[in-house]
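One structure is given here, and the rest of the page talks about it.
We number each residue from 1, following the sequence as shown. Hydrogens, waters and symmetry mates play no part in the numbers below; they use all other heavy atoms, side chains included. Whatever order the structure lists ligands and atoms in, that order sets their numbers, starting from 1. What you see is a predicted model; the values in this text were computed from it and never measured.
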Amino acid sequence: MVARPRIAVVGSANIDLTTFTDRFPKPGETIFGQRFDLGFGGKGANQAAAARLCGADVFMVARVGSDLFGPATIENFKKLGIDASHVKQVEGLSSGVAPIFVEPNGQNRILVVKGANDALKAADVDAAAETLKTAHCIVLQFEIPLETVYYTIAFARKQGIRCILNPAPGQPVDMGALTGLDYFVPNESEAETITGIAVRNVEDAKKCAEKLVAGGIRHVIITLGANGSLLAGGALSEHVPPFAVKSIDSTGAGDAFIGSFAVFLAEGVPEREAVRRANLYAALSTTGVGTQKSFYDRRRFDAEWAVRGRN
Ligand code: RIB
């Protein structure tokens, strides 16, 4: 049981340019969108923000561009209380950006231009090694070079540090490099890209997770959006049901899940219960616009959990 977990995120930081629209333009067509929102995002930064808001000490290893977004992103980490001493600007590269389109039902479509995120290398992980060694958990995603991700997994394994990988955006993976990984947390489309099994329902998710576990990953959690999540490990797999909310923007819900799950688990909450809590934390994040700014802090989350977590 750790009262104040230390969570390290080796990952991406983006600027999100979110447009709310009733429909998408056809080729050659110009239409009006309803609303625009500019915010701090990136799967790594979002997961760091969620972990911090849930009460952990968080440190980030990332690269930002030599544009006006770079210093603003570093400032945002500091404002959130995230240790950004291993977040550096890269000369001559743009920051990561993500044009995002959100439909009236809250469904999103995201395009990521990685920019400086692609400059985060194994040597940068080595440079942060002394800090990383103090973490209870290292969290990774796929918006930085995959070699850096594999290198960090091997580092975590060698140091005996719990490691959670969110393989987003979905890309073909060297499964051998993931052997021994503690938690692999894709959504439906990422799980399909990696295993070749289409995930349209809980049964598909079970098949998919079982294939990943058979490949050497200890625990797999497939996040299923409004259907909750599927937890698998060893010979068991279990559907963990969702919490109903009025969703207006689902962007960053997966990140909210992962950042909060890392904290709950490090606090010593049993695995299934940690998944349930993360389901609620993620669902609540969809009731607000944007990513980091829609995440609940621990006090608000605990108040919701006290009412809704009992059943
Ligand atoms: O998961 C949501 C995130 O994906 C956004 O913040 C965007 O930057 C992309 O990384």
**Request:** Examine the side chains of D126 and Y151 and answer whether a donor and an acceptor come within less than 3.5 Å of each other.
**Result:** yes
Hey, what polar pairs (N/O, under 3.5 Å) does ligand 1 make with protein?
{"residue": "ligand 1", "atom": "1 (O)", "partner": "K43", "partner atom": "NZ", "Å": "2.9"}
{"residue": "ligand 1", "atom": "1 (O)", "partner": "D255", "partner atom": "OD2", "Å": "2.7"}
{"residue": "ligand 1", "atom": "4 (O)", "partner": "K43", "partner atom": "NZ", "Å": "3.0"}
{"residue": "ligand 1", "atom": "6 (O)", "partner": "D16", "partner atom": "OD1", "Å": "3.2"}
{"residue": "ligand 1", "atom": "6 (O)", "partner": "D16", "partner atom": "OD2", "Å": "2.6"}
{"residue": "ligand 1", "atom": "6 (O)", "partner": "G42", "partner atom": "N", "Å": "3.0"}
{"residue": "ligand 1", "atom": "6 (O)", "partner": "N46", "partner atom": "ND2", "Å": "3.0"}
{"residue": "ligand 1", "atom": "8 (O)", "partner": "N14", "partner atom": "ND2", "Å": "3.1"}
{"residue": "ligand 1", "atom": "8 (O)", "partner": "D16", "partner atom": "OD1", "Å": "2.5"}
{"residue": "ligand 1", "atom": "8 (O)", "partner": "G42", "partner atom": "N", "Å": "2.9"}
{"residue": "ligand 1", "atom": "10 (O)", "partner": "N14", "partner atom": "ND2", "Å": "3.1"}
{"residue": "ligand 1", "atom": "10 (O)", "partner": "K43", "partner atom": "N", "Å": "3.4"}
{"residue": "ligand 1", "atom": "10 (O)", "partner": "E143", "partner atom": "OE1", "Å": "3.1"}
{"residue": "ligand 1", "atom": "10 (O)", "partner": "E143", "partner atom": "OE2", "Å": "2.6"}

**Message:** Within the supplied structure, the quantity of interest is the number of heavy atoms (other residues, nucleotides, ligands) at a distance under 6.0 Å from K133 NZ; does it exceed 12?
**Reply:** yes
**Request:** Indicate whether any N or O donor in one side chain lies under 3.5 Å from an N or O acceptor in the other, for N117 and N14.
**Result:** yes
**Item:** Modelled atom types, side-chain donor and acceptor of N76 and Q292, under 3.5 Å
**Value:** yes
**N279 and S229 side chains, donor-acceptor separation under 3.5 Å** = yes
**Message:** Please report whether the ring centroid of F261 lies less than 6.0 Å from that of Y183.
**Reply:** yes
